[in-house]
Amino acid sequence: MASESQNWVFMVTAQTPTNIAVIKYWGKRDETLILPVNDSISLTLDPSHLCTTTTVAVSSAFHQDRMWLNAKEISLSGGRFQSCLREIRARACDVEDENKGIKITKEDWAKLHLHIASYNNFPTAAGLASSAAGFACLAYALGKLMDVKEDESQLSAIARQGSGSACRSLFGGFVKWIMGKEDNGSDSLAVQLADEKHWDDLVIVIAVVSSRQKETSSTSGMCESVETSLLLQHRAKFHAVCLDTSPPIFYMNDTSHRIISIAEKWNRSEEAPQVAYTFDAGPNAVLIARNRKAATSLIQRLLYYFPPNSDDLSSYIIGDKSIAKDAGINGIQDVEALPPPPEIKDNIPPQKYKGDVSYFICTRPGRGPVLLSDSSQALLNGETGLPK
(Lines give C-alpha, C1' and ligand atoms only; values in the text may rest on other atoms or scores of the structure.)
Protein backbone atom coordinates (compact mmCIF):
# COMPACT_ATOMS: atom_id res chain seq x y z
CA MET A 1 0.00 0.00 0.00
CA ALA A 2 1.80 3.10 -1.26
CA SER A 3 0.96 5.97 1.06
CA GLU A 4 3.33 7.64 3.49
CA SER A 5 0.49 9.00 5.61
CA GLN A 6 -1.62 6.66 7.71
CA ASN A 7 -4.48 9.18 7.82
CA TRP A 8 -5.69 8.86 4.25
CA VAL A 9 -9.34 8.11 3.51
CA PHE A 10 -10.54 6.89 0.12
CA MET A 11 -14.29 6.89 -0.46
CA VAL A 12 -17.13 6.99 -2.97
CA THR A 13 -20.81 7.94 -2.69
CA ALA A 14 -23.65 6.36 -4.66
CA GLN A 15 -27.39 6.81 -4.95
CA THR A 16 -29.78 3.96 -5.74
CA PRO A 17 -33.55 3.99 -6.29
CA THR A 18 -36.13 1.76 -4.71
CA ASN A 19 -38.45 -0.46 -6.73
CA ILE A 20 -41.96 -1.81 -6.43
CA ALA A 21 -42.81 -5.27 -7.74
CA VAL A 22 -45.79 -5.62 -10.06
CA ILE A 23 -45.24 -9.37 -10.36
CA LYS A 24 -43.94 -10.49 -6.99
CA TYR A 25 -41.89 -13.25 -5.57
CA TRP A 26 -43.34 -14.55 -2.34
CA GLY A 27 -41.38 -17.49 -1.02
CA LYS A 28 -37.81 -18.77 -1.29
CA ARG A 29 -36.37 -22.09 -2.29
CA ASP A 30 -33.14 -21.18 -0.45
CA GLU A 31 -33.30 -18.87 2.56
CA THR A 32 -29.53 -18.29 2.87
CA LEU A 33 -28.87 -17.42 -0.77
CA ILE A 34 -32.33 -15.81 -1.14
CA LEU A 35 -33.41 -17.79 -4.19
CA PRO A 36 -37.08 -17.26 -5.11
CA VAL A 37 -39.70 -19.77 -6.15
CA ASN A 38 -40.72 -17.66 -9.18
CA ASP A 39 -39.55 -14.85 -11.44
CA SER A 40 -40.62 -11.31 -10.58
CA ILE A 41 -40.92 -7.98 -12.39
CA SER A 42 -40.67 -4.53 -10.82
CA LEU A 43 -40.86 -0.85 -11.65
CA THR A 44 -37.98 1.33 -10.50
CA LEU A 45 -39.14 4.61 -8.92
CA ASP A 46 -37.69 8.07 -9.40
CA PRO A 47 -34.75 8.47 -6.97
CA SER A 48 -35.61 12.17 -6.65
CA HIS A 49 -38.46 10.99 -4.45
CA LEU A 50 -37.41 7.57 -3.08
CA CYS A 51 -33.77 6.54 -2.86
CA THR A 52 -30.88 5.44 -0.70
CA THR A 53 -27.61 7.36 -0.59
CA THR A 54 -24.56 5.42 0.62
CA THR A 55 -20.97 6.50 1.21
CA VAL A 56 -18.33 3.78 1.60
CA ALA A 57 -14.82 4.58 2.78
CA VAL A 58 -11.59 2.67 3.33
CA SER A 59 -8.53 3.66 5.34
CA SER A 60 -5.57 1.98 6.94
CA ALA A 61 -6.53 3.94 10.09
CA PHE A 62 -9.87 2.13 10.45
CA HIS A 63 -9.80 -0.63 13.08
CA GLN A 64 -13.04 -2.45 12.18
CA ASP A 65 -15.88 -2.42 9.71
CA ARG A 66 -18.57 0.02 10.87
CA MET A 67 -21.91 1.19 9.49
CA TRP A 68 -24.36 3.99 10.21
CA LEU A 69 -27.96 3.89 8.93
CA ASN A 70 -29.88 7.17 9.05
CA ALA A 71 -27.17 8.56 11.38
CA LYS A 72 -27.40 5.68 13.89
CA GLU A 73 -24.67 3.06 14.12
CA ILE A 74 -25.85 -0.48 13.43
CA SER A 75 -24.17 -3.87 13.61
CA LEU A 76 -22.58 -5.41 10.52
CA SER A 77 -22.42 -8.87 12.09
CA GLY A 78 -25.54 -10.14 10.32
CA GLY A 79 -25.10 -12.82 7.71
CA ARG A 80 -26.60 -10.74 4.91
CA PHE A 81 -24.21 -7.84 5.43
CA GLN A 82 -21.31 -10.23 5.69
CA SER A 83 -22.30 -12.00 2.46
CA CYS A 84 -22.23 -8.72 0.53
CA LEU A 85 -18.92 -7.63 2.02
CA ARG A 86 -17.33 -11.02 1.42
CA GLU A 87 -18.51 -11.33 -2.17
CA ILE A 88 -17.40 -7.82 -3.17
CA ARG A 89 -14.01 -8.13 -1.44
CA ALA A 90 -13.42 -11.40 -3.30
CA ARG A 91 -13.80 -9.52 -6.59
CA ALA A 92 -11.81 -6.41 -5.64
CA CYS A 93 -9.11 -5.13 -8.00
CA ASP A 94 -6.12 -2.81 -7.72
CA VAL A 95 -7.17 0.80 -7.01
CA GLU A 96 -5.02 3.92 -7.23
CA ASP A 97 -5.67 7.55 -6.32
CA GLU A 98 -2.71 9.53 -7.66
CA ASN A 99 -3.85 12.80 -6.07
CA LYS A 100 -3.75 11.27 -2.58
CA GLY A 101 -0.79 9.01 -3.28
CA ILE A 102 -2.85 5.91 -2.48
CA LYS A 103 -2.42 2.55 -4.13
CA ILE A 104 -4.45 -0.41 -2.88
CA THR A 105 -3.71 -3.83 -4.32
CA LYS A 106 -6.40 -6.46 -4.60
CA GLU A 107 -4.63 -8.43 -1.85
CA ASP A 108 -4.84 -5.40 0.49
CA TRP A 109 -8.64 -5.32 0.52
CA ALA A 110 -8.88 -8.39 2.75
CA LYS A 111 -6.85 -6.58 5.45
CA LEU A 112 -8.47 -3.14 5.23
CA HIS A 113 -11.59 -2.07 7.11
CA LEU A 114 -14.55 -0.11 5.82
CA HIS A 115 -16.80 2.64 7.10
CA ILE A 116 -20.29 2.78 5.58
CA ALA A 117 -22.96 5.44 6.00
CA SER A 118 -26.40 5.07 4.43
CA TYR A 119 -29.46 7.30 4.39
CA ASN A 120 -33.00 6.65 3.12
CA ASN A 121 -35.07 9.67 2.11
CA PHE A 122 -38.22 7.67 2.93
CA PRO A 123 -39.34 5.53 5.93
CA THR A 124 -37.17 2.50 6.70
CA ALA A 125 -38.65 -1.01 7.15
CA ALA A 126 -42.17 0.34 6.64
CA GLY A 127 -43.02 -1.62 3.51
CA LEU A 128 -41.55 0.77 0.93
CA ALA A 129 -38.64 -1.46 -0.17
CA SER A 130 -36.00 0.36 1.87
CA SER A 131 -33.92 -2.82 2.20
CA ALA A 132 -33.99 -3.24 -1.58
CA ALA A 133 -32.59 0.23 -2.20
CA GLY A 134 -30.18 -0.13 0.74
CA PHE A 135 -28.49 -3.38 -0.23
CA ALA A 136 -28.44 -2.42 -3.91
CA CYS A 137 -26.70 0.83 -3.01
CA LEU A 138 -24.26 -0.99 -0.73
CA ALA A 139 -23.28 -3.49 -3.43
CA TYR A 140 -23.03 -0.80 -6.10
CA ALA A 141 -20.96 1.60 -3.97
CA LEU A 142 -18.61 -1.13 -2.74
CA GLY A 143 -18.18 -2.33 -6.32
CA LYS A 144 -17.13 1.16 -7.41
CA LEU A 145 -14.85 1.62 -4.40
CA MET A 146 -13.03 -1.65 -5.09
CA ASP A 147 -13.21 -1.34 -8.89
CA VAL A 148 -14.88 -4.70 -9.41
CA LYS A 149 -15.35 -5.64 -13.06
CA GLU A 150 -18.77 -7.29 -12.78
CA ASP A 151 -21.65 -5.61 -14.63
CA GLU A 152 -24.95 -4.61 -13.01
CA SER A 153 -26.54 -8.04 -13.58
CA GLN A 154 -23.62 -9.79 -11.92
CA LEU A 155 -23.66 -7.26 -9.07
CA SER A 156 -27.38 -7.88 -8.67
CA ALA A 157 -26.65 -11.50 -7.71
CA ILE A 158 -24.57 -10.13 -4.81
CA ALA A 159 -27.13 -7.51 -3.76
CA ARG A 160 -29.75 -10.29 -3.81
CA GLN A 161 -27.95 -12.01 -0.93
CA GLY A 162 -28.66 -8.97 1.23
CA SER A 163 -32.28 -8.48 0.22
CA GLY A 164 -33.97 -10.37 -2.59
CA SER A 165 -35.65 -7.34 -4.14
CA ALA A 166 -32.36 -5.43 -4.03
CA CYS A 167 -31.23 -7.14 -7.22
CA ARG A 168 -33.95 -5.27 -9.13
CA SER A 169 -32.74 -1.83 -7.94
CA LEU A 170 -29.52 -2.18 -9.96
CA PHE A 171 -31.47 -1.03 -13.03
CA GLY A 172 -33.95 1.68 -13.94
CA GLY A 173 -37.32 1.23 -15.60
CA PHE A 174 -38.87 -2.23 -15.75
CA VAL A 175 -36.70 -5.00 -14.33
CA LYS A 176 -37.01 -8.79 -14.20
CA TRP A 177 -35.48 -10.92 -11.48
CA ILE A 178 -34.82 -14.31 -13.05
CA MET A 179 -35.38 -16.98 -10.41
CA GLY A 180 -32.65 -19.23 -11.82
CA LYS A 181 -32.23 -22.96 -11.46
CA GLU A 182 -28.68 -23.43 -10.18
CA ASP A 183 -28.30 -24.49 -6.54
CA ASN A 184 -25.53 -21.92 -5.98
CA GLY A 185 -27.72 -19.05 -7.24
CA SER A 186 -25.30 -18.02 -9.99
CA ASP A 187 -28.13 -17.62 -12.51
CA SER A 188 -30.56 -15.89 -10.14
CA LEU A 189 -30.05 -12.26 -11.16
CA ALA A 190 -31.74 -9.17 -12.55
CA VAL A 191 -31.99 -7.91 -16.12
CA GLN A 192 -33.53 -4.73 -17.48
CA LEU A 193 -36.63 -5.26 -19.62
CA ALA A 194 -37.13 -1.60 -20.58
CA ASP A 195 -35.66 1.67 -19.38
CA GLU A 196 -37.52 4.43 -17.54
CA LYS A 197 -38.42 6.24 -20.78
CA HIS A 198 -40.28 3.23 -22.21
CA TRP A 199 -43.57 4.26 -20.53
CA ASP A 200 -42.61 7.62 -19.12
CA ASP A 201 -46.14 9.00 -18.80
CA LEU A 202 -46.91 6.54 -16.02
CA VAL A 203 -47.53 8.19 -12.67
CA ILE A 204 -47.17 6.29 -9.40
CA VAL A 205 -49.06 7.42 -6.30
CA ILE A 206 -48.15 5.73 -3.01
CA ALA A 207 -50.66 5.96 -0.21
CA VAL A 208 -48.57 5.70 2.94
CA VAL A 209 -51.02 4.11 5.34
CA SER A 210 -48.31 3.50 7.91
CA SER A 211 -44.69 4.66 8.05
CA ARG A 212 -44.00 2.59 11.18
CA GLN A 213 -41.72 -0.40 11.04
CA LYS A 214 -43.59 -3.53 9.99
CA GLU A 215 -44.68 -5.89 12.74
CA THR A 216 -44.06 -8.83 10.38
CA SER A 217 -40.82 -8.64 8.37
CA SER A 218 -40.71 -9.75 4.75
CA THR A 219 -38.46 -12.66 5.68
CA SER A 220 -40.79 -13.88 8.43
CA GLY A 221 -43.83 -13.46 6.22
CA MET A 222 -42.30 -15.47 3.40
CA CYS A 223 -41.18 -18.24 5.72
CA GLU A 224 -44.69 -18.47 7.14
CA SER A 225 -46.16 -18.65 3.62
CA VAL A 226 -43.78 -21.39 2.48
CA GLU A 227 -44.40 -23.44 5.62
CA THR A 228 -48.18 -23.10 5.80
CA SER A 229 -49.63 -22.30 2.37
CA LEU A 230 -51.02 -25.24 0.38
CA LEU A 231 -51.49 -22.94 -2.59
CA LEU A 232 -47.94 -21.55 -2.85
CA GLN A 233 -46.91 -23.68 -5.83
CA HIS A 234 -50.04 -22.60 -7.71
CA ARG A 235 -49.47 -18.96 -6.74
CA ALA A 236 -45.95 -19.09 -8.20
CA LYS A 237 -47.30 -20.43 -11.51
CA PHE A 238 -50.05 -17.79 -11.49
CA HIS A 239 -47.45 -15.02 -11.17
CA ALA A 240 -45.88 -16.08 -14.44
CA VAL A 241 -48.87 -14.85 -16.44
CA CYS A 242 -50.74 -12.27 -14.33
CA LEU A 243 -50.15 -8.97 -12.59
CA ASP A 244 -49.97 -9.68 -8.88
CA THR A 245 -51.93 -7.12 -6.88
CA SER A 246 -52.51 -8.87 -3.59
CA PRO A 247 -50.26 -8.52 -0.54
CA PRO A 248 -50.28 -11.22 2.12
CA ILE A 249 -53.31 -10.80 4.33
CA PHE A 250 -51.29 -10.08 7.48
CA TYR A 251 -50.00 -6.83 5.89
CA MET A 252 -53.34 -5.35 4.85
CA ASN A 253 -55.67 -3.28 6.99
CA ASP A 254 -59.04 -1.60 6.53
CA THR A 255 -57.53 1.42 4.79
CA SER A 256 -55.66 -0.84 2.33
CA HIS A 257 -58.96 -2.53 1.43
CA ARG A 258 -60.74 0.81 1.00
CA ILE A 259 -58.08 2.10 -1.39
CA ILE A 260 -58.37 -1.07 -3.48
CA SER A 261 -62.15 -0.71 -3.53
CA ILE A 262 -61.93 2.90 -4.74
CA ALA A 263 -59.53 1.94 -7.55
CA GLU A 264 -61.62 -1.02 -8.66
CA LYS A 265 -64.89 0.93 -8.62
CA TRP A 266 -63.31 3.64 -10.77
CA ASN A 267 -61.90 1.09 -13.23
CA ARG A 268 -65.30 -0.57 -13.61
CA SER A 269 -66.89 2.75 -14.48
CA GLU A 270 -64.50 3.43 -17.36
CA GLU A 271 -64.21 1.88 -20.83
CA ALA A 272 -60.56 1.01 -20.08
CA PRO A 273 -58.85 0.61 -16.69
CA GLN A 274 -57.23 3.84 -15.53
CA VAL A 275 -55.18 2.58 -12.60
CA ALA A 276 -53.43 -0.58 -11.47
CA TYR A 277 -52.43 -1.23 -7.89
CA THR A 278 -49.92 -3.31 -6.01
CA PHE A 279 -48.29 -3.46 -2.59
CA ASP A 280 -44.83 -4.01 -1.28
CA ALA A 281 -44.52 -6.03 1.93
CA GLY A 282 -46.73 -3.69 3.93
CA PRO A 283 -50.13 -1.97 3.98
CA ASN A 284 -49.02 0.98 1.83
CA ALA A 285 -50.89 0.93 -1.48
CA VAL A 286 -49.00 1.68 -4.70
CA LEU A 287 -51.34 2.95 -7.43
CA ILE A 288 -50.07 3.20 -11.01
CA ALA A 289 -51.99 5.61 -13.25
CA ARG A 290 -51.74 4.98 -16.99
CA ASN A 291 -50.97 8.63 -17.77
CA ARG A 292 -50.92 12.08 -16.23
CA LYS A 293 -54.59 12.76 -16.96
CA ALA A 294 -55.57 9.59 -15.10
CA ALA A 295 -53.20 10.57 -12.26
CA THR A 296 -54.96 13.90 -11.70
CA SER A 297 -58.32 12.10 -11.51
CA LEU A 298 -56.80 9.56 -9.13
CA ILE A 299 -55.39 12.14 -6.73
CA GLN A 300 -58.76 13.93 -6.68
CA ARG A 301 -60.48 10.68 -5.67
CA LEU A 302 -57.90 9.85 -3.04
CA LEU A 303 -58.06 13.31 -1.48
CA TYR A 304 -61.86 13.24 -1.53
CA TYR A 305 -62.00 10.00 0.46
CA PHE A 306 -58.83 10.55 2.55
CA PRO A 307 -58.48 14.27 3.36
CA PRO A 308 -55.57 15.35 5.56
CA ASN A 309 -55.86 15.77 9.30
CA SER A 310 -54.34 19.25 9.16
CA ASP A 311 -54.28 22.21 6.79
CA ASP A 312 -50.67 21.47 5.83
CA LEU A 313 -51.12 20.07 2.33
CA SER A 314 -47.40 20.49 1.50
CA SER A 315 -46.45 17.61 3.80
CA TYR A 316 -49.49 15.51 2.84
CA ILE A 317 -48.60 15.31 -0.85
CA ILE A 318 -44.87 14.93 -1.40
CA GLY A 319 -42.66 14.01 -4.34
CA ASP A 320 -43.99 15.39 -7.63
CA LYS A 321 -46.37 18.05 -6.31
CA SER A 322 -47.28 19.18 -9.82
CA ILE A 323 -49.76 16.27 -10.09
CA ALA A 324 -51.92 17.87 -7.40
CA LYS A 325 -51.62 21.31 -9.02
CA ASP A 326 -52.74 19.86 -12.36
CA ALA A 327 -55.72 18.41 -10.50
CA GLY A 328 -56.63 21.90 -9.26
CA ILE A 329 -55.47 21.17 -5.70
CA ASN A 330 -53.47 24.13 -4.37
CA GLY A 331 -54.66 24.26 -0.79
CA ILE A 332 -56.90 22.63 1.79
CA GLN A 333 -59.86 24.69 0.51
CA ASP A 334 -59.58 22.87 -2.83
CA VAL A 335 -59.67 19.49 -1.06
CA GLU A 336 -62.77 20.49 0.87
CA ALA A 337 -64.47 21.61 -2.37
CA LEU A 338 -63.90 18.34 -4.23
CA PRO A 339 -67.17 16.83 -5.54
CA PRO A 340 -67.99 13.14 -5.10
CA PRO A 341 -66.47 10.96 -7.88
CA PRO A 342 -68.92 10.47 -10.78
CA GLU A 343 -68.99 6.69 -10.33
CA ILE A 344 -71.03 7.20 -7.16
CA LYS A 345 -74.53 6.65 -8.49
CA ASP A 346 -76.73 7.26 -5.48
CA ASN A 347 -77.39 10.48 -3.60
CA ILE A 348 -75.98 9.24 -0.30
CA PRO A 349 -72.69 11.02 0.43
CA PRO A 350 -69.93 8.41 0.78
CA GLN A 351 -68.03 8.15 4.02
CA LYS A 352 -64.71 9.96 4.27
CA TYR A 353 -61.69 8.68 6.19
CA LYS A 354 -59.87 11.74 7.41
CA GLY A 355 -56.45 10.92 8.84
CA ASP A 356 -56.40 7.25 7.76
CA VAL A 357 -53.60 7.94 5.26
CA SER A 358 -50.38 9.47 6.65
CA TYR A 359 -49.41 11.08 3.34
CA PHE A 360 -49.17 10.49 -0.41
CA ILE A 361 -46.02 10.22 -2.52
CA CYS A 362 -46.36 11.11 -6.21
CA THR A 363 -43.55 9.81 -8.39
CA ARG A 364 -42.68 8.31 -11.78
CA PRO A 365 -40.48 5.59 -13.32
CA GLY A 366 -36.83 6.24 -12.49
CA ARG A 367 -33.24 5.52 -13.48
CA GLY A 368 -30.81 3.06 -11.96
CA PRO A 369 -27.92 3.74 -9.53
CA VAL A 370 -25.34 6.47 -10.08
CA LEU A 371 -22.17 7.75 -8.44
CA LEU A 372 -22.35 11.20 -6.82
CA SER A 373 -19.23 13.20 -7.59
CA ASP A 374 -20.10 16.21 -5.43
CA SER A 375 -18.19 15.72 -2.17
CA SER A 376 -20.81 17.77 -0.31
CA GLN A 377 -23.25 14.88 -0.85
CA ALA A 378 -20.96 12.40 0.92
CA LEU A 379 -22.25 11.14 4.27
CA LEU A 380 -18.78 10.59 5.72
CA ASN A 381 -16.11 13.17 6.50
CA GLY A 382 -13.33 13.01 3.93
CA GLU A 383 -10.65 13.52 6.60
CA THR A 384 -11.85 11.21 9.39
CA GLY A 385 -14.13 8.74 7.63
CA LEU A 386 -16.76 9.32 10.32
CA PRO A 387 -20.34 10.55 9.80
CA LYS A 388 -20.65 14.27 9.13
Side-chain angles (χ1 to χ4, degrees), residues 8-19 44 47 50-59 62 65-71 73-74 76 78 80-97 100 102 104 106 108-110 112-122 124 129-163 165-172 189-190 366-382 384-388:
W8 59 268
V9 175
F10 178 61
M11 65 186 190
V12 301
T13 300
Q15 185 184 80
T16 300
T18 189
N19 72 82
T44 300
L50 295 127
C51 74
T52 296
T53 301
T54 299
T55 299
V56 291
V58 61
S59 174
F62 296 165
D65 292 339
R66 300 177 68 185
M67 181 172 181
W68 294 264
L69 175 60
N70 296 335
E73 187 163 11
I74 64 172
L76 279 170
R80 296 187 175 188
F81 282 117
Q82 289 303 310
S83 291
C84 288
L85 293 173
R86 181 181 63 254
E87 295 294 331
I88 296 290
R89 277 177 167 137
R91 294 163 174 78
C93 297
D94 295 347
V95 173
E96 184 172 6
D97 185 332
K100 290 188 175 183
I102 301 168
I104 305 172
K106 60 182 179 181
D108 291 329
W109 287 107
L112 290 167
H113 293 292
L114 303 167
H115 283 186
I116 304 163
S118 192
Y119 174 76
N120 299 322
N121 70 348
F122 60 98
T124 299
S130 59
S131 61
F135 275 103
C137 205
L138 177 63
Y140 184 81
L142 287 173
K144 295 300 183 183
L145 181 77
M146 301 184 190
D147 195 28
V148 303
K149 304 306 182 186
E150 278 70 12
D151 62 20
E152 276 77 4
S153 276
Q154 293 166 318
L155 275 180
S156 77
I158 297 173
R160 183 205 75 227
Q161 297 179 52
S163 171
S165 300
C167 68
R168 298 190 305 250
S169 278
L170 267 297
F171 294 97
L189 41 76
R367 57 156 173 79
V370 295
L371 284 179
L372 302 179
S373 57
D374 185 352
S375 60
S376 68
Q377 294 178 287
L379 303 177
L380 296 172
N381 185 290
T384 65
L386 295 172
K388 289 182 175 179

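Source: prediction; values computed, not measured.
Residues that satisfy the salt bridge (charged side-chain N to carboxylate O under 4.0 Å, His left out) test with Asp65, not counting sequence neighbours, are Arg89. In this view, Asp147 and Lys149 satisfy the salt bridge (charged side-chain N to carboxylate O under 4.0 Å, His left out) rule, not counting sequence neighbours. Every residue two or more places apart in sequence or in another chain that forms a side chain to side chain donor-acceptor pair (under 3.5 Å) with Glu73 is listed here: Arg66. Arg168 pairs by the side chain to side chain donor-acceptor pair (under 3.5 Å) definition with Asn19, Ser40, Ser42, Ser165, not counting sequence neighbours. The ring-ring contact (aromatic ring centres under 6.0 Å, His included) check on Phe135 picks up Phe81, with sequence neighbours excluded. Every ring-ring contact (aromatic ring centres under 6.0 Å, His included) that Trp68 has, sequence neighbours left out, goes to His115.
Phe62 places none of its side-chain heavy atoms less than 4.5 Å from the side chain of Leu112. In this structure, the side chains of Pro369 and Leu170 come closer than 4.5 Å at one or more pairs of heavy atoms. Looking at Thr55 and Ile116, their side chains never come closer than 4.5 Å, going by heavy atoms from C-beta outward. Side-chain contact between Gln82 and Leu76 is present, with heavy atoms from C-beta onward closer than 4.5 Å. The side-chain heavy atoms of Thr54 and Leu380, taken from C-beta on, include no pair separated by under 4.5 Å. The closest side-chain heavy-atom distance from Leu69 to Tyr119 is not below 4.5 Å. Side-chain atoms of Arg91 and Ile158, non-hydrogen and from C-beta on, do get closer than 4.5 Å to each other. Put simply, the side chain of Leu155 reaches to within 4.5 Å of the side chain of Val148, judged on heavy atoms.
For the atom pair Ser83 OG and Arg160 CZ, the distance stands at 9.5 Å (nearest 0.5 Å). A distance of 6.5 Å separates OG of Ser163 from CZ of Arg80, quoted to the nearest 0.5 Å. Atoms OG and CG, on Ser375 and Asn381 in that order, are 10.5 Å from each other to the nearest 0.5 Å. Rounding to the nearest 0.5 angstrom, the gap separating the OG1 atom in Thr53 from the CG atom in Leu379 is 6.0 Å. Here the CZ-OG1 distance, from Arg367 to Thr44, works out to 10.5 Å after rounding to the nearest 0.5 Å. Taking CG of Asn121 as the reference point, atom OG of Ser130 lies at 11.0 Å (rounded to 0.5 Å).
Under the 3.5 Å distance criterion, the side-chain polar atoms of Lys100 are matched with a main-chain donor or acceptor of Val9. Under a 3.5 Å cut-off, the side chain of Lys388 and the backbone N or O of Ala378 do form a donor-acceptor pair.
Residues Val12 and Ala141 share a closest heavy-atom pair of CG2-O, 3.5 Å. The minimum heavy-atom distance linking Pro47 with Gln15 is given by the pair CB-OE1, 3.9 Å. Nearest heavy atoms, Ala166 versus Ala136: O-CB, 3.4 Å. Between Phe122 and Thr18, the shortest heavy-atom contact is CZ-CB, 4.2 Å. The minimum heavy-atom distance between Cys93 and Trp109, with the atom names listed, is O-NE1, 3.0 Å. Across all their heavy atoms, Gly382 and Met11 have their closest contact at CA-CE, 3.6 Å.
Side-chain atoms of Asn120 and Thr52 include a donor-acceptor pair closer than 3.5 Å. Side chain to side chain, Asp151 and Ser153 fail the donor-acceptor criterion of an N or O pair below 3.5 Å. Judged purely by distance below 3.5 Å, without hydrogens or angles, the side chains of Arg86 and Gln161 never pair a donor atom with an acceptor atom.
When Leu142, Leu114, Thr13, Ile88 are each tested for a side chain to side chain contact (heavy atoms under 4.5 Å, CB included) with Val56, only one passes: Leu142.
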